[in-house]
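Here the structure comes first, spelled out in structure tokens, and everything after it is commentary.
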Protein chains: 2
Amino acid sequence: MPITLKQLAQKAEVHPSTISRVANNDPSLRIAPDTRERIEALLRETEYRPNGVARGLKLRQTFVLAVVIPDVTNPFFAALFRGVEDGALSRGYNVLLCNTDGSPDRQRSHLQSLHARRVDGIILASSVLKDPSVRWLRHQRIPHVLVNRFSDEGQDTFVGADDLLGARVATRHLVELGHRRIGHLAGKLTVSTGLMRRRGCLEELEARGLPIDPALVVESGYTEAGGAKAAERILSLPDRPTAIFAVTDMTAIGACTMARRLGLRVPEDLAIVGYNDIPLASRLVPGLTTVRVPIHEFGAAAARLLIDQIVVGDASRRRVIFNPELVVRGSTVAGADDGPLRAQHAAAFATE
Amino acid sequence: MPITLKQLAQKAEVHPSTISRVANNDPSLRIAPDTRERIEALLRETEYRPNGVARGLKLRQTFVLAVVIPDVTNPFFAALFRGVEDGALSRGYNVLLCNTDGSPDRQRSHLQSLHARRVDGIILASSVLKDPSVRWLRHQRIPHVLVNRFSDEGQDTFVGADDLLGARVATRHLVELGHRRIGHLAGKLTVSTGLMRRRGCLEELEARGLPIDPALVVESGYTEAGGAKAAERILSLPDRPTAIFAVTDMTAIGACTMARRLGLRVPEDLAIVGYNDIPLASRLVPGLTTVRVPIHEFGAAAARLLIDQIVVGDASRRRVIFNPELVVRGSTVAGADDGPLRAQHAAAFATE
DNA sequence: TTGCGCTGAACAAACGATTGCTTTATCGTA
DNA sequence: TACGATAAAGCAATCGTTTGTTCAGCGCAA
């Protein structure tokens, strides 16, 4: 068992509180230089580290954050987590990771357990619109930040990208390539990303004077399998689209696979655009045209906002919105892959 | 602030300990049926959850585990983490995640911080041979399990695959395809996976009566960039190999990219085998032939072993070794990709 | 009536650290 | 000589639970 303050106090023949004051550099009380030195030496040689649990009880602060996401094996969320950890570590926080697999029940039970553990704050990337769990967080006054997806507009501190704009840029790209029948795999309309990207897509079509065919807009969920299934539906239509904008890269990948199974060539017969620019997107053949968002930055910014919220103790809602950026690859423009791929490898070498 | 035992006690006009006994179903003391019922009703309506920090202090157990890995954005470690979480959650544990980026210093500092937080146990997937951090864990008697990589043979509870066998199988595959000059990207020889897979590779070559050219065996590290760099070295030799066995899939991917940059076709000019079968491996074009290990199972088994170690309190070392399995794809056999890919998609549909 | 056994619940001591408030020296000064 | 200021360190309460021990009250038998 690690050494305690009381044991140290016995060794040094002083009161535990004195040790605590030296260890914490307590400015409210001065310590005689010689005892201070004696105690500091003792602290060093015993490698004393205060019991974090006891400390947490007394200080009512655990220096633990939690990240709640659907699934860390999805590269998007893995990158997000790294951002959070990188942002939190320098401020002395460790980070718990909870996967919900998209289940509201699992999310709720995770949140309750985290609350019972008295984590200092929660970063939630799995919320749906009007999420009861999010309202519960607000009601319990648990410091929290929503990432990527918001729940009730403007009610919580939020970090994300401008999904409306990103969807418009993606759709515009397809329109400018000459596509007139454009399908959309819309995720879920109970999720802000699904709703906003769909809205952006439709707005852009309308702005360009293109007709909107409701049959070409289908909910797909966010999994690869969901994307494939949804793509199958709209690609089996008598008048199938020549392009698809998918709500995420994973959904787009499902669509790509399905297109191939149906004997369609990408991009010649079907152009596909994804969203997020996960690492996998540039690896596919052809590369996936997509909307890049700064995933790692999402996490780091969320951690910063959360910790600010914790230390200041205010519940003022803040919003950090990044600008998305179109990345053109071979899934929309044949031959577009060469340039970017080379550049990427050069960068990889440079960092080693 | 959440309600405390003391506040509940006031409401119910009983002593806090009585509430605690009801909440915990304490068998050591019997409670009158009517008070029990009264208190249980109160517990339900206030949604009382004991303060985990206070509980942790008193019980000397936090129900928190930690996973220490190089980088969760590496799909191998993301899958590993999921395994751990899935194994731990059902037993009431939450899991902290720490990324080391392969730095021994970061690893050490994480470990110390975790110890100060009194996590109940640590799963370490980033250890090197003769790792001082691992010895420190042993010395502090911190329950721990090493995963995938071991440190000092047999000294710690370990979950992994038979790397020697896996490497032999991979090498045998190349030999049976007729390759006689086989290169090996060996990771790092300070890491058990690097050492064992290299040994397996060389043993198999020797068993098959093939000459071993030391110039064809180079340390590559475990990154994609490292794999590319190492591949460049052996592919620039006057008498270059016709096949490469890489210590991991990521390393193999780097080698693939480098091969293409050097104008070599895979598999016609250069066959490549990786290790682990990360999800990405089946997505590449051509698909990557690799040695599959049950990554998720690694994590789940590690969590089980760790929790057993914690609850029983014994430090008996156990070893769980899974059998690796060769997966043949297009990076060694032209045209091998069709079958497996179709099968995979069928499975994906089935699960939705 | 005294005393014993039993039930049901209160008491109190931890767990290990933090921190406002005393207390004890020590010294300077009136 | 005495008194107050000040420096240095001890005291003790507290954070919220858990749990071994004690205690009050009651019924019953001697």
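Fair warning: this is a prediction, and the values are worked out from it, not measured in the lab. Within every chain, numbering begins at 1; the chains are lettered A, B, ... in the order of the sequence lines, protein sequences first and strands thereafter.
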- prompt: For B:Phe150, what residues pass the ring pair (Phe, Tyr, Trp, His ring centres under 6.0 Å) criterion, not counting sequence neighbours?
  reply: B:Phe158
task: Quick one: label B:Arg60 by what it contacts on the DNA or RNA (base, sugar-phosphate, nothing), any heavy atom closer than 4.0 Å.
output: sugar-phosphate
- prompt: Who pairs with A:Arg108 by side-chain hydrogen bond (donor to acceptor under 3.5 Å, both in side chains), at least two apart in sequence or on another chain?
  reply: none
task: Considering only NZ, NE, NH1 and NH2 on the basic side and carboxylate oxygens on the acidic side, decide whether A:Arg149 and A:Asp131 come within less than 4.0 Å.
output: no
query: Separation of A:Leu59 atom CG from D:dA13 atom P, in whole Å?
result: 20 Å
- request: Could you tell me whether A:Asp26 contacts a base, only the sugar-phosphate backbone, or nothing, with contacts defined as non-hydrogen atoms closer than 4.0 Å?
  value: nothing
task: Could you list by number each residue of residues 30-54 of chain B showing a heavy-atom separation from DNA chain D of less than 4.0 Å, or answer none if no residue does?
output: B:Tyr48, B:Pro50, B:Asn51, B:Ala54
Provide a list of protein-nucleic acid N or O atom pairs under 3.5 angstrom, restricted to nucleotides 22-24 of chain D.
none

Polar-atom pairs under 3.5 Å, protein N or O versus N or O of nucleotides 25-27 of chain C: list them with distances, or write none.
none

query: D:dG16 base to A:Arg117 side chain: any donor-acceptor pair below 3.5 Å?
result: no
statement: Side-chain contact check for B:Leu57: nearest option of D:dT18, C:dA10, C:dC15 is C:dC15
query: Counting just side-chain N and O atoms, does B:Thr18 come under 4.0 Å of either OP1 or OP2 of C:dA10?
result: yes
query: Side chain of B:Gln10, backbone of B:Gln7: donor and acceptor closer than 3.5 Å?
result: no
- request: Taking only the side-chain nitrogens and oxygens of B:Arg55, find out if one of them lies under 4.0 Å from OP1 or OP2 of D:dT18.
  value: yes
field: Interatomic distance, A:Phe77 atom CZ to A:Asn99 atom CG [nearest 0.5 angstrom]
entry: 9.5 Å
I'd like a list of close polar pairs between nucleotides 12-14 of chain C and the protein, N/O only, cut-off under 3.5 Å.
residue : atom : partner : partner atom : Å
C:dA14  : N3   : B:Lys58 : NZ           : 2.9

task: Could you grab the distance from atom NE2 of B:His15 to atom NZ of B:Lys6, nearest 0.5 Å is fine?
output: 9.5 Å
- prompt: Taking CD1 from A:Ile3 and C1' from C:dG16, how many angstroms apart are they, rounded to a whole number?
  reply: 13 Å
- prompt: Heavy atoms under 4.0 Å, any strand shown: does B:Gln61 hit a base, just sugar-phosphate, or nothing?
  reply: nothing
query: So, A:Ser28 versus A:Asp26: side-chain donor-acceptor pair below 3.5 Å or not?
result: yes
- request: Specify the separation, in whole Å, of atom CG of B:Asn24 and atom P of D:dT19.
  value: 7 Å
message: Determine whether a donor-acceptor pair (N or O, by modelled atom type, separation under 3.5 Å) exists between the side chain of B:Ser151 and the backbone of B:Val128.
response: yes
Flag for B:Asn94-A:Ser113: side-chain donor and acceptor within less than 3.5 Å: yes
field: Nearest listed nucleotide, side chain of A:Thr4, among D:dG10, C:dA17, D:dT21
entry: C:dA17
query: Taking only residues two or more places apart in sequence or in another chain, which ones pass side-chain hydrogen bond (donor to acceptor under 3.5 Å, both in side chains) with B:Ser126?
result: B:Gln107
- prompt: Once you round to the nearest 0.5 Å, how far does CG of B:Leu65 lie from CD1 of B:Ile123?
  reply: 6.0 Å
- prompt: C:dT19 P sits how many Å from A:Ile19 CD1, rounded?
  reply: 16 Å
message: Over the length of the helix from C:dT1-D:dA30 to C:dA30-D:dT1, how much do the five-pair end axes diverge, rounded to 10 degrees?
response: 100°
field: Any residue meeting side chain to side chain contact (heavy atoms under 4.5 Å, CB included) with B:Leu57, in chain and number order, not counting sequence neighbours
entry: A:Val53, A:Ala54, A:Leu57
- prompt: Which residues pass the ring pair (Phe, Tyr, Trp, His ring centres under 6.0 Å) test with B:Phe298, sequence neighbours left out?
  reply: B:Phe322
statement: note: B:Arg118, atom CZ; C:dG16, atom C1'; distance rounded to Å ~ 9 Å
- prompt: Distance from B:Phe81 atom CZ to B:Ile295 atom CD1, nearest 0.5 Å?
  reply: 15.0 Å
- line: So salt bridge (charged side-chain N to carboxylate O under 4.0 Å, His left out) across residues 111-127 of chain A, not counting sequence neighbours, yields none
query: Got more than 12 heavy atoms from elsewhere within 6.0 Å of CD, A:Glu37?
result: no
- line: salt bridge (charged side-chain N to carboxylate O under 4.0 Å, His left out) pairs touching residues 69-91 of chain B, sequence neighbours excluded, are A:Asp71-B:Arg82, A:Arg82-B:Asp71, A:Asp101-B:Arg82, A:Arg106-B:Glu85, B:Arg82-B:Asp86, B:Arg91-B:Asp308
